[in-house]
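Worksheet: one structure, shown below.
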Amino acid sequence: MKILGITGPTGAGKTTALNVLTSLGACILDADAVYHDLLEQSRALREALTGRFGDICDETGKIDRKKLGGVVFTDPAALTDLNGITHRFMEAELDRRLREAEQEGRPAAAIDAIALLESGFGAKCDATVAVVAPAELRVRRIMAREGIPEDYARKRVNAQKPESFFRESCDYVLENNEDDTPETFGARALALFLTILE
Ligand SMILES: CC(C)(COP(=O)(O)OP(=O)(O)OC[C@H]1O[C@@H](n2cnc3c(N)ncnc32)[C@H](O)[C@@H]1O)[C@@H](O)C(=O)NCCC(=O)NCCS
Ligand SMILES: Nc1ncnc2c1ncn2[C@@H]1O[C@H](COP(=O)(O)OP(=O)(O)OP(=O)(O)O)[C@@H](O)[C@H]1O
């Protein structure tokens with residue numbers, strides 16, 4: 001089973017690119033979704049987060065990610081601590097899901113993760129792809145996707161590594177620009193993935 005790693009900043013189009021792989025029977029591992037599942041399932045993860053960040057829960061007792069984001073997206077040291085806590089939980093879960101995909105006989109798997117390279121997940125991949133798009137366009141796209149305020153969208157965008165980091169660190173680059181539609185971008189992504197997987 002070939003493993004692709006997709007990374008790039010928030011709103012660039014990683015999920016949109018990977019949607020085209022589902023028709024090929026590939027297993028898509030979206031690190032955000034894996035993390036959201038773990039937040040629900042793992043008491044140890046929740047305790048590690050509240051142990052470091054204090055009152056980050058909502059009125060129902062669940063971790064309030066926007067409250068936590070408000071802290072870590074304006075404090076690089078806090079973001080480093082968050083990554084130190086979450087990545088070890090996520091690595092174990094991603095490994096488990098990759099083994100499952102292999103046992104199911106999937107032809108390929110793709111890991112979609114903002115921290116693919118820094119976390120070491122990239123070392124599990126046969127090829128890495130950076131998805132990039134202009135920052136202003138990404139701000140608009142994530143505001144529309146999640147209904148978040150502009151201020152929060154900008155904090156998230158500004159907390160992340162610059163586009164040059166992703167361009168220079170990956171094997172391939174996919175651009176998703178102003179004049180693209182999800183369809184034109186998806187078609188370009190499919191062509192690249194087929195070349196990599198052949
Ligand atoms: C930072 C948090 C509080 C933000 O929550 P929020 O609801 O705003 O975002 P959500 O979880 O839906 O993720 C959306 C996007 O935020 C960005 N993001 C998430 N975590 C991080 C991070 N550690 N560093 C930089 N950007 C991040 C990514 O672009 C991601 O695609 C939350 O994502 C979190 O606790 N992340 C830690 C786990 C992690 O590192 N996830 C990324 C997978 S490698
Ligand atoms: N070419 C495009 N034209 C219009 N909308 C697009 C285009 N590409 C992506 N989008 C939309 O922009 C939003 C962000 O795209 P997507 O979710 O694929 O990004 P992402 O890189 O996975 O983001 P994140 O890392 O924040 O999860 C989505 O709502 C998606 O439908």
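Note that ligands are numbered from 1 as they come in the structure, with each ligand's atoms numbered from 1 the same way.
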Quiz prompt | Nearest non-hydrogen protein atom, atom 29 (O) of ligand 1 | solution = Q160 NE2, 2.9 Å
Self-check item: Side chains of L49 and L45 in contact at under 4.5 Å (non-hydrogen atoms)
Solution: yes
Quiz item: Counting both backbone and side chain atoms, is some N or O of I142 under 3.5 Å from an N or O of ligand 2?
Solution: no
Quiz item: Closest heavy-atom contact between F121 and A113?
Solution: CD1-CB, 4.3 Å
Quiz prompt | Ligand-residue contact atoms, ligand 1 with T86, heavy atoms, under 4.0 Å | solution = 37 (C), 38 (C), 40 (O)
Quiz item: So which heavy atom in the protein is nearest atom 34 (C) of ligand 1, and how far is it from that ligand atom?
Solution: Y35 CE2, 3.2 Å
Quiz item: Does the side chain of L21 reach to within under 4.5 Å of the side chain of C27, using non-hydrogen atoms?
Solution: no
Quiz item: Which residue owns the protein heavy atom closest to atom 25 (O) of ligand 2, what's the atom, and how far is it?
Solution: K14 NZ, 2.6 Å
Exercise. Measure the distance from atom 6 (P) of ligand 1 to every protein heavy atom, then report the residue, atom name and distance (to 0.1 Å) of the closest one.
Key: K66 NZ, 3.5 Å
Exercise. Examine the proximity of ligand 2 to I114 and report which part, side chain or backbone, both or neither, has a heavy atom under 4.0 Å away.
Key: neither
Quiz item: Rounded to the nearest 0.5 Å, how far does CG of L94 lie from CG of L116?
Solution: 9.5 Å
Exercise. Give the residue and atom name of whichever protein heavy atom lies nearest to atom 4 (C) of ligand 2, and the separation in Å to one decimal.
Key: P182 CD, 3.7 Å
Quiz item: Under the 3.5 angstrom rule, does the side chain of K2 hit a backbone N or O of I196 as a donor-acceptor pair?
Solution: yes
Quiz item: Can you list the steps and then say if R156 with E146 is a salt bridge (Lys or Arg N to Asp or Glu O under 4.0 Å)?
Solution: CA-CA 13 Å; R156 188 197 283 163; E146 295 165 58; 2.7 Å; yes
Quiz item: Which residue holds the protein heavy atom closest to atom 22 (O) of ligand 2, what is that atom called, and what is the gap in Å?
Solution: T15 OG1, 2.8 Å
Self-check item: From CZ (F73) to CD (Q160), nearest 0.5 Å
Solution: 6.5 Å
Quiz item: How close do C170 and T7 get, heavy atom to heavy atom, and via which atoms?
Solution: SG-CG2, 3.5 Å
Quiz item: With a cut-off of 4.0 Å, which atoms of ligand 1 are near a heavy atom of L79?
Solution: 22 (C), 23 (N), 24 (N)
Exercise. Tell me which protein heavy atom sits closest to atom 11 (C) of ligand 2, plus the residue, atom name and distance to 0.1 Å.
Key: R141 CD, 4.2 Å
Self-check item: Heavy-atom closest pair, residues A130 and R167
Solution: CB-N, 4.3 Å
Quiz item: Going by distance only, is there an N or O of R145 that falls short of 3.5 Å from an N or O of ligand 1?
Solution: no
Quiz prompt | Non-hydrogen atom of T181 closer than 4.0 Å to ligand 2 | solution = yes
Practice problem: Would you check whether N177 has a nitrogen or oxygen atom less than 3.5 angstrom from a nitrogen or oxygen atom of ligand 2? | Solution: no
Exercise. Could you check atom 19 (O) of ligand 2 against the protein and tell me its nearest heavy-atom contact, residue, atom and distance included?
Key: G13 N, 3.1 Å
Practice problem: Considering non-hydrogen atoms only, spot the tightest contact between A108 and L197 and give its length. | Solution: CB-CD2, 4.0 Å
Quiz item: In ligand 1, which numbered atoms sit nearer than 4.0 Å to a non-hydrogen atom of A115?
Solution: 44 (S)
Exercise. Please confirm whether A12 comes within less than 3.5 Å of ligand 2 when only nitrogen or oxygen atoms on both sides are compared.
Key: yes
Quiz item: Donor-acceptor pair, K161 side chain versus F166 backbone, under 3.5 Å?
Solution: no
Self-check item: N or O pair under 3.5 Å between R156 and ligand 2
Solution: no
Self-check item: Under 3.5 Å donor-acceptor, R106 side chain and E100 backbone
Solution: no
Quiz item: Can you tell me which residue and heavy atom of the protein come closest to atom 1 (C) of ligand 1, and the distance to 0.1 Å?
Solution: F73 CZ, 3.6 Å
Quiz prompt | For T10, the ligand 1 atoms whose distance to one of its heavy atoms is below 4.0 Å | solution = 29 (O)
Quiz prompt | For D32, atoms of ligand 2 separated by under 4.0 Å from a heavy atom | solution = 27 (O)
Exercise. May I ask you to list the atoms of ligand 1 that are less than 4.0 angstrom from any heavy atom of D32?
Key: 13 (O), 14 (C), 30 (C), 31 (O), 42 (C)
Quiz item: So, is D112 polar-close to ligand 2, with some N/O to N/O distance under 3.5 Å?
Solution: no
Practice problem: Before signing off on this row, confirm whether T16 and ligand 2 have an N or O atom pair separated by under 3.5 Å. | Solution: yes
Self-check item: Close-contact set for ligand 1 against L82 heavy atoms, below 4.0 Å
Solution: 1 (C), 34 (C), 35 (O), 36 (N), 37 (C)
Quiz item: Is ligand 2 under 4.0 Å from a heavy atom in the side chain of N176, in the backbone, in both, or in neither?
Solution: side chain
Self-check item: Residue pair F185 / D180: nearest heavy atoms and the distance that separates them
Solution: N-OD1, 3.9 Å
Quiz item: Can M90 be reached from I6 by stepping across I, L, V, M, F, W or Y side chains whose heavy atoms are under 4.5 Å apart?
Solution: no
Exercise. Using the salt bridge (Lys or Arg N to Asp or Glu O under 4.0 Å) rule, take R99 and D95 through it: C-alpha gap first, then chi angles, then the decisive distance, then the call.
Key: CA-CA 6 Å; R99 280 197 303 274; D95 281 341; 5.4 Å; no
Quiz item: Would L29 end up clustered with I114 when hydrophobic side chains under 4.5 Å apart are linked, directly or stepwise?
Solution: yes
Exercise. Measure the spacing between CG of D55 and CG of L68 and express it to the nearest 0.5 Å.
Key: 11.5 Å
Quiz prompt | Contact partition for N83 relative to ligand 1, non-hydrogen atoms under 4.0 Å | solution = side chain
Quiz item: Which heavy atom of the protein is the closest neighbour of atom 8 (O) of ligand 1, given with residue, atom name and distance?
Solution: Y152 OH, 2.6 Å
Exercise. Could you see which bit of L116 sits under 4.0 Å from ligand 1, with heavy atoms only: side chain, backbone, both or neither?
Key: neither
Quiz prompt | Minimum-distance pair of heavy atoms, taken over all atoms of R141 and N177 | solution = NH2-O, 3.7 Å
Quiz item: For atom 27 (O) of ligand 2, which candidate among R145, E146, M143 holds the nearest heavy atom?
Solution: R145
Self-check item: Protein heavy-atom partner closest to atom 40 (O) of ligand 1 - residue, atom, separation in Å
Solution: H87 NE2, 3.4 Å
Quiz item: Below 3.5 angstrom, do we get any N/O pair linking G8 and ligand 2?
Solution: no
Quiz prompt | Note, E136 side chain near E178 side chain (heavy atom, < 4.5 Å) | solution = no
Practice problem: Return the residue, atom name and 0.1 Å-rounded distance of the protein heavy atom closest to atom 26 (O) of ligand 2. | Solution: T10 OG1, 2.6 Å
Quiz item: Is any side-chain heavy atom of F193 closer than 4.5 Å to a side-chain heavy atom of L4?
Solution: yes
Practice problem: Identify the protein heavy atom lying closest to atom 9 (O) of ligand 1, giving its residue, its atom name and the separation to 0.1 Å. | Solution: R156 NH2, 3.3 Å
Exercise. Check L49 against ligand 1 and report side chain, backbone, both or neither, counting heavy atoms closer than 4.0 Å.
Key: neither
Quiz item: Nearest protein heavy-atom contact for atom 11 (O) of ligand 1: which residue, which atom, what distance?
Solution: H36 NE2, 2.8 Å
Exercise. For A31, take its heavy atoms, then give the atoms of ligand 1 lying under 4.0 Å from any of them.
Key: 43 (C), 44 (S)
Exercise. Any atoms of ligand 1 less than 4.0 Å from a non-hydrogen atom of L68? List them with their elements.
Key: 3 (C), 35 (O)
Self-check item: K62, NZ atom: more than 12 neighbouring heavy atoms under 6.0 Å
Solution: no
